[in-house]
Amino acid sequence: MAQDSDHLGRPIVVVTGMGVLTSLGEGQAQNWAALTAGSSGIRRITRFPIAGLRTNIAGTVDFVAVDEPSGPALSERLAERVIAEAIAEAKIGTAGDFPGPLFLALPPIELEWTQRRALADAAGVNAEIGYPDLLRAAAEGDRRAIYERFLFGSVGEHLADRFGTKGSPIATSTACASGGTSIQLGVEAIRRGETQAALCVGTDASVNPESLIRFSLLSALSTRNDPPAAASRPFSKDRDGFIMSEGAGALVLESLAHARARGATILGVIEGCGEAADGFHRTRSSPDGKPIVACMRRALEDAGLTPDAVDYVNAHGTSTPENDKMEWVGLTTVFGERAERIPVSSNKSMIGHTLTAAGAIEAIFTLLTIRNGLLPPTINYETPDPAIPIDCVPNVARPGTVRHAISNSFGFGGQNVCLVLGAAPQE
Amino acid sequence: MAPEPQFPTDRPRSADPRREVDRQALITGIGLVSCLGEGLDAHWDGLDRFAAGGPVVDTTSFPPFPVHPMTALELDRQIPKRGDQRQMEAWQRIGTYAAGLALDAAGVKGNTDLLGRMDMIVAAGGGERDYKVDAAILAGLPGAADPGAFLNEHLLSDLRPTLFLAQLSNLLAGNISIVHGVVGSSRTFMGEESCGADAVRIACARIAAGQGDLFLVGGSYNAQRPDVLLHYEMGRKLWRGAPTPVWARQDAGGGMALGSVGCFLVIESRAHAAARGATPLAHVAAIATDRCRRRPGESAATATRQFAALDGQFDPARAAVISGASGVAQPTGEERDVLARLGLPVRATGSAIGHSIEPSFVANLAIAAAAVARGKLFAPLEPAEAPMTAPLAQALVTGWGHWRGESLALVTAA
């Protein structure tokens with residue numbers, strides 16, 4: 001029987017339950033089938049008017065309804081559904097009583113135009129309107145539900161109420177690395193012996209006019225609107241930006257000893273985590289790729305592995321000119337000549353960039369890759385970039401044995417996380 | 001299964017008592033700015049003279065809400081590049097400035113080796129909006145032939161592209177990495193008051209477990225913003241009218257008076273501080289965070305468990321409470337009753353610096369550290385608070401969120 005502790009004598013952290021929801025569908029089965037078939041979840045936006053927008057496509061989740069629609073409301077609903085799937089698979093705890101803390105990757109929350117406009121309408125002013133008018137309107141009606149909905153703590157608190165997680169829920173944002181950070185927080189808590197189990201979740205439902213336009217103004221989004229499914233093309237020469245997308249992923253983490261003692265099915269191992277911040281620029285990474293390299297190396301060191309042990313890379317692969325180039329620089333530095341031979345695929349070619357949720361969703365897809373021995377493709381790979389001679393598993397899924405994989409997440413603001421994921425230990 | 005108790009730093013975890021001491025979490029640098037000024041001395045003086053001198057408060061900008069304004073900051077001293085200053089909104093400038101003060105105080109500013117290994121946890125909300133753009137769009141929407149197209153067109157043409165970067169919660173941390181070179185790691189926690197306490201708790205737990213040696217922890221808040229006032233007014237959480245201290249507000253229904261605050265702490269293991277010859281100010285001997293649904297009595301029960309876990313770790317004759325009470329009626333009333341049973345001298349600092357949401361707990365830890373380092377408590381802030389003439393050896397810091405979350409820390413001499 002395998003040991004319960006890792007190369008540094010720390011508890012081994014395993015995954016015993018997973019839940020995932022993206023623009024491709026709900027649940028592991030639907031997502032895995034679509035992902036390995038090379039399907040795209042990117043479509044024309046129908047949630048709000050697209051007149052005048054430079055980018056009018058996204059990976060929205062339109063099949064989940066919420067009352068009083070808003071980013072936090074949909075983020076919370078998506079999180080509820082993936083947590084339910086993960087807990088059901090893990091068969092852990094009892095209903096409404098999860099035996100550990102919640103680590104939640106959450107997009108920033110602020111009042112949206114729907115609510116702002118309702119206040120303006122209530123203020124009853126036409127020509128000149130300002131915040132004093134909105135404040136006056138706020139004083140008149142009962143808007144406590146809106147207040148609570150737009151507290152940063154509301155999503156985590158509501159999830160803690162519903163699932164009975166223990167202690168103060170942590171809501172974290174490291175931009176596009178947030179999902180990875182939520183998993184790292186869970187791994188650290190289990191390694192400290194603070195808990196035997198943790199619920200790590202990433203969720204994002206930020207496709208609204210202002211968020212889309214903000215990314216558009218940073219020239220971060222693809223403007224290849226037709227056809228939508230062809231827009232996300234990581235590592236291609238003609239890539240032109242990422243696609244905003246929605247989704248959620250949840251993982252039940254446990255110490256191996258705890259999982260084994262209760263006879264749980266082990267889906268995989270979180271072998272190592274690495275992070276590094278970049279002080280170069282607010283939206284661009286250091287030209288030398290040092291922080292990207294550092295986070296991958298730290299993750300491998302944390303896992304007690306050398307680069308040679310890595311069989312597959314689940315890339316950040318956003319399809320922006322900058323990211324994919326810098327990720328390749330990082331990969332060649334870490335893996336040397338092997339970089340051209342390691343399969344590296346980007347789930348974002350199909351689901352787009354799920355932003356805050358990406359690290360959690362892509363960790364789940366990486367674990368499914370390991371379990372199924374099938375590498376999801378990078379679709380829309382038609383025009384290779386000569387500067388990036390990568391094996392991106394072009395266009396068609398490919399069988400492959402993966403014992404150890406890394407999953408990269410790099411965020412605006414210079415926050416980078418890399419996870420090392422491994423196959424379940426042999427009994 | 002109950003989770004492990006969340007008082008990691010003083011609990012025996014290793015068979016080697018010397019290792020336990022080595023892994024204690026010490027505060028070795030503090031950067032604090034608020035309406036009372038800049039630095040610990042300014043805050044000590046401002047708090048000590050508060051009852052006599054009255055509040056530093058702006059009652060004219062956002063009537064009927066009093067707001068404690070940020071003191072004038074010489075930004076160039078901590079954010080030397082004007083380009084960096086322009087890329088930030090006020091909440092980020094306040095936080096980046098306070099972070100620089102903390103790094104200076106700890107003697108690590110500019111030390112690329114230490115900053116390259118430093119782990120950062122920032123407690124943040126979101127950034128300022130462009131109020132003129134909001135107002136213009138709201139004025140135009142009712143008459144627009146196609147409101148959706150109107151909104152898209154004006155957001156696209158009127159929003160400054162870089163404003164997004166001043167709004168994103170994680171970009172305070174991003175700016176600290178850029179301006180001060182803190183690049184070991186960077187995490188941002190969100191969630192009003194609780195996230196500040198959780199940031200400190202996780203830093204201390206990681207130090208105790210050997211998951212890090214040197215941390216920068218803190219946050220900032222700009223209260224001089226109509227959008228945050230709008231949010232809390234929708235929740236009926238704000239105090240209206242003449243500035244009134246926290247406990248005195250309770251006779252008139254309670255409410256928050258917000259204050260602009262920036263506070264960062266350098267927290268490091270005792271062994272790490274000793275090895276580099278740093279002078280510690282105080283020891284974070286225990287910290288707990290928890291939550292409940294806030295049904296009547298639940299917060300009190302949570303806090304009572306937290307105090308019970310500290311039993312024997314402090315001397316009631318030489319301890320006081322620095323309370324983060326927001327002023328909002330239900331939690332403040334319950335906290336007042338819990339603290340009355342405890343019987344220690346109490347100071348609710350919100351009376352003087354305002355309630356600052358995310359960094360409020362960190363700021364109160366800083367004030368507690370200053371009191372412990374001086375060995376005495378500052379004068380009462382209002383008649384409901386008892387004077388303390390005995391020497392102060394330990395300070396308890398409470399942080400109850402105005403909506404959710406209950407936190408408690410014990411600060412002792414280093």
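Per chain, numbering begins at 1; letters A, B, ... match sequence-line order. Heavy-atom basis, side chains included; hydrogens, waters and symmetry copies ignored.
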By a 4.5 Å heavy-atom criterion (distance strictly below it), what part of [X] contacts chain A: side chain, backbone, both, or neither?
X	value
B:Phe150	neither
B:Leu159	both
B:Leu171	side chain
B:Met88	side chain
B:Arg240	side chain
B:Glu193	neither
B:Lys132	neither
B:Val122	neither
B:Glu153	neither
B:Pro147	side chain
B:Arg129	side chain
B:Ala197	neither

Engaged part of [X] at the chain B interface, taking heavy atoms whose separation is under 4.5 Å:
X	value
A:Thr181	side chain
A:Glu210	both
A:Gln115	neither
A:Pro107	backbone
A:Glu110	side chain
A:Ala120	side chain
A:Ile50	backbone
A:Ser154	both
A:Asp161	both
A:Ile170	side chain
A:Arg116	both
A:Ala160	both

[Y]/[X] salt bridge by N-O under 4.0 Å criterion:
X	Y	answer
A:Asp302	A:Arg10	yes
A:Arg282	B:Asp84	yes
B:Arg293	B:Glu298	no
A:Arg262	A:Glu254	yes

Whether B:Tyr131 and A:Tyr131 hold their rings parallel, tilted or perpendicular, with breakpoints at 30° and 60°: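 Rings of B:Tyr131 and A:Tyr131: perpendicular, over 60°.
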
B:His402 and A:Tyr147 aromatic ring geometry - parallel, tilted or perpendicular at 30°/60° bounds: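 Rings of A:Tyr147 and B:His402: tilted, 30 to 60°.
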
I'd like to know which of B:His180, B:His231, B:Glu358 tops the heavy-atom pair count under 4.5 Å against chain A.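 Of the candidates given, the most pairs with chain A belong to B:His231.
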
Below 4.5 Å, heavy-atom pairs only: which of B:Gln167, B:Glu233, B:Gln87, B:Glu192 has the largest tally toward chain A?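 Highest number of pairs under 4.5 Å: B:Glu192.
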
Does a side-chain heavy-atom distance below 4.5 Å link A:Ile213 with A:Arg54?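 Of all side-chain heavy-atom pairs linking A:Arg54 with A:Ile213, none is under 4.5 Å.
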
Is the shortest side-chain heavy-atom distance between A:Leu185 and B:Ile202 below 4.5 Å?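 A:Leu185 reaches B:Ile202 side chain to side chain.
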
Indicate yes or no for a side-chain donor-acceptor contact from A:Asp204 to the backbone of A:Leu355 under 3.5 Å, with no hydrogens or angles considered.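 Absent.
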
B:Arg291 (side chain) donor-acceptor with A:Glu157 (main chain) under 3.5 angstrom: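 Present.
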
Check the pair B:Glu406, B:Arg294 against salt bridge (charged side-chain N to carboxylate O under 4.0 Å, His left out), reporting the backbone distance first and the verdict last. CA-CA 10 Å; B:Glu406 294 81 22; B:Arg294 289 275 169 102; 2.8 Å; yes

Test side chain to side chain donor-acceptor pair (under 3.5 Å) on B:Asp198 and B:Thr289 and set out the steps. CA-CA 7 Å; B:Asp198 279 319; B:Thr289 65; 2.6 Å; yes

Between CZ on residue B:Phe361 and CH2 on residue B:Trp400, distance to nearest 0.5 Å: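 So the CZ of B:Phe361 and the CH2 of B:Trp400 are separated by 13.0 Å.
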
Does B:Arg206 form a salt bridge (charged side-chain N to carboxylate O under 4.0 Å, His left out) with A:Glu188? I'd like the steps, not just the answer. CA-CA 8 Å; B:Arg206 286 174 61 189; A:Glu188 288 173 352; 3.8 Å; yes

